[in-house]
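Structure in structure tokens, see below.
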Number of protein chains: 2
Amino acid sequence: MGVLDECHYHVGVENGVNVEVGGERGAIEDAVRVLLLGLGEDINREGLLKTPLRVAEALRDGTRGYHQNVKGIVSGALFPESGLESTVGSAGGAGGLVIVRDLDLFSYCESCLLPFQVKCHVGYVPSGQRVVGLSKLSRVAEVFAKRLQDPQRLADEICAALQHSIKPTGVAVVLQCSHICFPNSQSDLNNHQGYVRLSVISGSGAFDDEKAGIWTDFLGLLRFRGLTADATRSLEKSWCPSRTICKTPPASDPSLLAAVSSILYALGEDPLREDLVETPARFVNWLMNFKNSNADTKLNGFIRSSMRESSLTMAPSYICSELNLPFWSQCEHHLLPFHGVVHVGYYSSGRAISSVGKSLLQSVVQFYGFKLQVQERLTRQVAEAASSILGEDVIVVVEASHTCMISRGIEKMGSSTATIAVLGRFSTDSTARAKFLQIIPSSA
Amino acid sequence: MGVLDECHYHVGVENGVNVEVGGERGAIEDAVRVLLLGLGEDINREGLLKTPLRVAEALRDGTRGYHQNVKGIVSGALFPESGLESTVGSAGGAGGLVIVRDLDLFSYCESCLLPFQVKCHVGYVPSGQRVVGLSKLSRVAEVFAKRLQDPQRLADEICAALQHSIKPTGVAVVLQCSHICFPNSQSDLNNHQGYVRLSVISGSGAFDDEKAGIWTDFLGLLRFRGLTADATRSLEKSWCPSRTICKTPPASDPSLLAAVSSILYALGEDPLREDLVETPARFVNWLMNFKNSNADTKLNGFIRSSMRESSLTMAPSYICSELNLPFWSQCEHHLLPFHGVVHVGYYSSGRAISSVGKSLLQSVVQFYGFKLQVQERLTRQVAEAASSILGEDVIVVVEASHTCMISRGIEKMGSSTATIAVLGRFSTDSTARAKFLQIIPSSA
């Protein structure tokens with residue numbers, strides 16, 4: 001598998017990136033301003049003023065692995081540990097397989113610059129009567145995750161670095177990766193899969209042969225009983241949705257492409273590296289989904305001209321709901337995606353909204369989603385638009401996962417956010433609110 | 001609830017600790033050496049040589065909140081955000097409740113110095129047409145978690161700090177805390193609960209009244225539908241097992257108590273603060289569970305004299321197992337607990353071991369657990385001892401959660417480790433290993 005090739009490892013992985021060349025933070029900030037202008041945004045708007053700085057800091061932090069050295073991590077954390085004394089077999093510092101399971105990492109996709117999540121499992125077979133501190137397996141994995149990556153390369157680099165620095169009988173790495181996948185605006189949002197998932201493996205030494213019994217032990221202890229080594233080897237490089245959905249990205253504004261290239265360069269990467277050549281085009285193509293269309297007026301006009309569903313003489317008295325309307329958006333503070341679902345409640349005299357009304361509501365959600373946003377504003381905008389369709393008594397709950405909450409310093413993997421807007425009767429009647437909140441299905 | 005008392009907040013929370021007095025790292029290292037000697041350990045043993053340094057670094061990192069200032073975190077992250085324009089109600093920057101759910105934190109228990117895990121949920125009601133960056137809610141919570149804490153105080157401090165720095169209509173905090181609970185050596189290990197759990201709430205402003213409708217909204221969005229505000233308020237301070245199990249810790253060696261006091265002082269705490277007065281006694285009492293008894297010989301003698309279960313003339317041919325034998329141990333690299341289960345497999349001619357053999361096996365596991373350990377060594381030692389009870393063909397799997405993997409820099413909350421030792425036939429027969437691994441129940 002080539003992962004044991006120490007020379008390649010040294011030159012290609014540890015020192016192959018031009019970390020010294022990586023420009024000042026200013027270069028990234030300038031590039032982000034170009035991209036914001038390309039999105040039709042006012043870069044002096046208060047919410048965006050510090051966005052270039054935040055993006056630069058997040059990217060620096062997310063690719064800090066380029067400046068980290070594995071040797072410094074492992075050295076000093078190798079401990080003498082006996083094997084078996086007078087018995088046949090393997091244990092402790094001589095052959096006793098050690099596995100650390102379920103390490104949560106995130107990395108940046110080199111094809112599209114979006115973060116992807118990784119559930120990482122690392123194992124090794126100690127030799128030479130010594131073991132490594134367990135946390136070092138996590139720290140080494142982290143070094144390579146914090147770079148622009150592809151899942152298979154990430155697995156191979158973690159494997160090679162551990163083999164090289166610990167020099168054990170063998171190393172095995174299994175990664176289960178999830179890449180956010182945005183819908184095409186055209187495709188059916190409701191059937192859209194939010195993530196592309198890919199599992200990859202890498203092994204060296206005793207794990208070089210994927211048919212070896214030690215792989216069975218490793219996978220057995222991971223409880224991937226249905227998962228064979230064969231099934232997990234990644235054969236194609238194009239797991240990134242931006243590669244599969246659109247093989248050749250359409251031509252983009254050259255100044256935007258140059259801006260992304262300058263970001264790659266500032267991070268210490270070579271924008272001409274084969275796997276990065278089309279990254280600027282893919283990133284720009286994706287980012288422009290969120291172009292500010294300034295079409296508020298158009299949408300409002302459409303809503304006002306559509307039939308009001310609740311134009312009734314008597315006060316409507318039943319709470320109706322439209323739940324789990326999916327949305328996709330881009331955090332204006334970090335230029336990172338957030339996505340989730342919108343729940344809308346309203347009063348009706350017993351009749352739910354028509355399918356026209358329902359699809360109009362989904363259009364509203366999609367319209368306010370696809371731009372630079374903050375969740376609080378999205379919630380208010382959807383509530384105001386919904387009220388012009390559904391009447392003045394409206395409650396809107398938005399539940400979302402924010403990439404910026406997992407992929408920067410705070411790294412709160414399982415966190416989610418909820419925001420609420422209450423109009424008319426819902427703002428004064430806490431029993432009505434409680435009734436509506438009860439019917440929202442648990443997202444767990 | 002007093003959490004809005006800004007003066008108290010300023011003096012007591014932000015600046016009440018003597019951060020300037022906090023001594024050099026050397027003081028903590030010296031104290032750890034005293035404790036290691038008290039455990040009967042050789043402080044020059046290679047595995048322990050850097051333990052004082054590691055403990056000092058982990059404690060510094062785990063209490064770095066003493067040196068952090070909330071104001072610097074929130075200022076610059078308040079963004080203008082409109083409320084509703086022409087409708088009655090609350091939304092966006094004027095009254096639209098915002099919640100961040102499921103933030104994983106850990107903190108240090110001020111009663112016993114062990115880390116405890118926290119699932120943190122924070123909400124606030126924006127006012128003045130401005131909202132705070134979502135990640136700041138997490139960062140502020142982190143500042144107070146990274147101190148010696150008690151759950152209710154932690155909730156109150158997070159709440160007060162957010163109220164003070166954001167000045168919103170109200171702030172609500174719900175914490176679900178889990179404290180590791182070690183068994184008494186005497187008690188029944190199999191019925192032992194591994195964690196004490198406690199939920200606490202704190203509210204200010206609009207959340208001051210725990211009967212207010214806004215609390216219903218908040219808890220509704222947290223989906224704690226069975227959990228009322230009443231049920232979550234902590235009435236007693238003694239959630240820490242070291243307080244409930246043993247109200248007055250027994251007298252300990254004064255030099256060990258002085259060592260722990262000097263650690264508290266070096267971290268910037270006042271060892272004479274009411275809630276800390278008995279902490280050294282509790283910590284020392286707990287730590288001495290792991291005193292090195294040098295009783296290896298005694299145990300081995302016991303095992304050798306016990307009846308060998310598999311003294312048969314024909315080769316035994318069935319794989320038998322003893323699964324989920326619980327153990328509790330102390331990581332010798334970080335002086336932090338790790339615990340989990342041991343699974344033992346062996347060959348038999350069809351007869352499982354007697355209840356005497358089973359309880360002997362549990363004694364072996366408990367004996368090798370209760371000391372400064374590394375998981376790899378524990379696995380080997382249990383395998384060697386098991387083989388003197390069960391015959392030469394033995395397989396041992398240890399699955400564990402390491403506090404040191406969650407409570408220091410790497411903070412990998414969901415991670416777990418697995419180690420394996422294979423003796424005799426199990427070391428050469430991968431089918432036998434696979435058979436045994438299949439019967440281990442999933443620990444999910």
Side-chain angles (χ1 to χ4, degrees), chain A residues 46-47 76 79-82 84 87-93 96-104 126 131 133-135 138-139 213 216-217 220-221 223 333 374 376-377 379-380 383-384 387 392 402 404-405 410 412 414-424 426-427 430 433-434 437 442, chain B residues 46-47 50 79-82 84 87-93 96-104 131 133-135 138-139 213 216-217 220-221 223 333 374 376-377 379-380 383-384 387 392 402 404-405 410 412 414-424 426-427 430 433-434 437-438 442:
Chain A
E46 200 167 340
F79 301 100
E81 196 53 55
S82 310
L84 291 168
T87 330
V88 176
S90 317
L97 178 59
V98 175
I99 298 181
V100 177
R101 305 177 287 202
D102 295 315
L103 296 167
D104 285 314
V131 299
L134 292 170
S135 64
S138 171
R139 287 194 198 272
T216 315
D217 297 355
L221 285 169
R223 312 197 180 291
H333 297 152
V374 296
E376 296 89 337
R377 187 185 313 142
T379 312
R380 174 183 60 79
E384 287 179 332
S387 126
E392 62 197 7
H402 285 251
C404 61
M405 291 289 281
I410 61 171
K412 298 301 181 193
S415 72
S416 67
T417 53
T419 45
I420 186 167
V422 285
L423 272 62
F426 283 103
S427 68
S430 72
R433 293 201 301 271
L437 294 180
S442 176
Chain B
E46 200 167 339
K50 284 190 183 169
F79 301 100
E81 197 53 56
S82 309
L84 291 168
T87 331
V88 178
S90 318
L97 177 60
V98 175
I99 298 180
V100 176
R101 304 178 290 200
D102 295 314
L103 296 167
D104 285 314
V131 297
L134 292 170
S135 65
S138 172
R139 287 195 197 271
T216 315
D217 297 355
L221 284 170
R223 312 196 181 289
H333 297 154
V374 298
E376 296 89 338
R377 187 185 313 143
T379 312
R380 174 183 60 79
E384 287 180 330
S387 125
E392 61 197 8
H402 285 252
C404 61
M405 291 289 281
I410 61 170
K412 298 300 181 193
S415 72
S416 67
T417 54
T419 45
I420 185 167
V422 284
L423 273 61
F426 283 102
S427 68
S430 71
R433 293 201 301 273
L437 295 180
Q438 289 281 346
S442 176

Checklist outcome for this item: Looking only at heavy atoms, the pair that brings A:G76 and B:K50 closest together is CA-NZ, 3.6 Å
Next on the checklist: As an exercise, state the distance from OG of B:S415 to CD1 of A:I99, rounded to the nearest 0.5 Å.
Outcome noted: 13.0 Å
Next on the checklist: As an exercise: rank A:T216, A:V131, A:L423 by heavy-atom pairs under 4.5 Å with chain B and give me the winner.
Outcome noted: A:L423
Checklist entry - Which atom names give the shortest non-hydrogen contact between A:G92 and B:R380, and what distance separates them? => result N-CB, 4.1 Å
Checklist entry - Most heavy-atom pairs under 4.5 angstrom with chain B, which of A:G96, A:S90, A:G47? => result A:S90
Checklist entry - By a 4.5 Å heavy-atom criterion (distance strictly below it), what part of A:V98 contacts chain B: side chain, backbone, both, or neither? => result both
Item to check | Greatest number of heavy atom pairs closer than 4.5 Å to chain B - which of A:A421, A:A434, A:G424 | outcome: A:A421
Checklist outcome for this item: Most heavy-atom pairs under 4.5 Å with chain B, out of A:V374, A:T379, A:I420, belong to A:I420
Checklist entry - What pairs with A:R377 under salt bridge (charged side-chain N to carboxylate O under 4.0 Å, His left out), at least two apart in sequence or on another chain? => result A:E332, B:E81
Checklist entry - Are A:E376 and B:F79 close enough, and set up right, to give a side-chain contact (heavy atoms from CB on, under 4.5 Å), and what steps lead you there? => result CA-CA 11 Å; A:E376 296 89 337; B:F79 301 100; over 6 Å; no
Checklist outcome for this item: Correct closest heavy-atom pair for B:R433 and A:D217 would be NE-OD2, 2.6 Å
Next on the checklist: Using heavy-atom distances under 4.5 Å, tell me whether B:V100 contacts chain A through its side chain, its backbone, both, or neither.
Outcome noted: both
Item to check | Under 4.5 Å from a heavy atom of chain A, the part of B:T87 involved | outcome: side chain
Item to check | chain B contact via A:A418 - which portion, at a heavy-atom distance below 4.5 Å | outcome: both
Checklist entry - What's the spacing between A:H402 NE2 and B:S138 OG if we round to 0.5 Å? => result 13.0 Å
